[in-house]
Amino acid sequence: MNTIIAFAGSDSKESINKQLAAYASSLVENTDVTVLDLNDFELPLYGMDYETAHGIPENAHKFLEQIKGSDGIVLSLAEHNGAYATVFKNIFDWMSRIDGKLWSDKPMLLMATSPGARGGATVLEIAKGRIPYMGGNIVADFSLPSFYENFSEGTITNEELNEQLKKHVDIFRNNL
Ligand SMILES: Cc1cc2nc3c(=O)[nH]c(=O)nc-3n(C[C@H](O)[C@H](O)[C@H](O)COP(=O)(O)O)c2cc1C
């Protein structure tokens, strides 16, 4: 059976992106899902001087092992000021010091959501532009706008958006 990892580019305890990643990954049939939380992979803020003095922390290796040990990735990005949340950029930077192709060609369902009407569209575009240069294989992407109007109790409540997501999940599943 395929195994996938799902996580959010966020460290919020109630992360709406983690909720979306957990929901989307639950729709992937006949697949073992591990939902990861960046809070369990705490890292110092990346700095070249820190790296020179202390090397690359174990948690960067551990997260990269999770990616490499998976058959696919469901990732939903939080948008902070039109860009990655710091915690995601940080683990991305650390892992890139181990392997520039860190996403390891794993099929990826890339998503973003926010409380606003654009649903993290800006960070999604940034990631779509960059991740393919870093070993990424984005096979489907999805943005959920206005999270609190369209998501409740672990599921997308807007029928049309739910159908859209399901189509993207099917594409992802077929690429595993
Ligand atoms: C510092 C900061 C900047 C933010 N900037 C944006 C933004 O540019 N666009 C947006 O849609 N939401 C923005 N938000 C709101 C986030 O989308 C919201 O906090 C969301 O819950 C973050 O996702 P998460 O719950 O998965 O962490 C920002 C929030 C913070 C704290």
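Just follow the structure's listing: the first ligand is 1, and inside any ligand the first atom is 1. Starting from 1, each residue takes its place in the sequence as its number.
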I'd like to know if the side chain of Asn150 reaches the main chain of Thr157, judged simply by a donor and an acceptor atom lying under 3.5 Å from each other, with no hydrogens or angles considered.
no
Could you list the donor-acceptor pairs under 3.5 angstrom formed between side-chain atoms of residues 19-29 and any protein atom two or more places apart in sequence or on another chain?
{"residue": "Gln19", "atom": "NE2", "partner": "Glu14", "partner atom": "O", "Å": "3.2"}
{"residue": "Tyr23", "atom": "OH", "partner": "Asn162", "partner atom": "OD1", "Å": "2.6"}
{"residue": "Tyr23", "atom": "OH", "partner": "Asn162", "partner atom": "ND2", "Å": "3.4"}
{"residue": "Ser25", "atom": "OG", "partner": "Ala21", "partner atom": "O", "Å": "2.9"}
{"residue": "Ser25", "atom": "OG", "partner": "Ala22", "partner atom": "O", "Å": "3.0"}
{"residue": "Ser26", "atom": "OG", "partner": "Tyr23", "partner atom": "O", "Å": "2.6"}

Nearest heavy atoms of Ala127 and Leu110, plus distance in Å
CB-CD2, 3.8 Å
Would you confirm whether Gln66, through its side chain, and Ile5, through its main-chain N or O, come within 3.5 Å as a donor-acceptor pair?
no
Does Pro44 offer a backbone N or O that forms a donor-acceptor pair with the side chain of Trp94 under 3.5 Å?
yes
Got a donor-acceptor contact below 3.5 angstrom from the Asn175 side chain to the Pro107 backbone?
no
Listing by chain and number, which residues have a heavy atom under 4.0 Å from ligand 1?
Ser10, Ser12, Ser15, Ile16, Asn17, Ala78, Glu79, His80, Asn81, Gly82, Ser114, Pro115
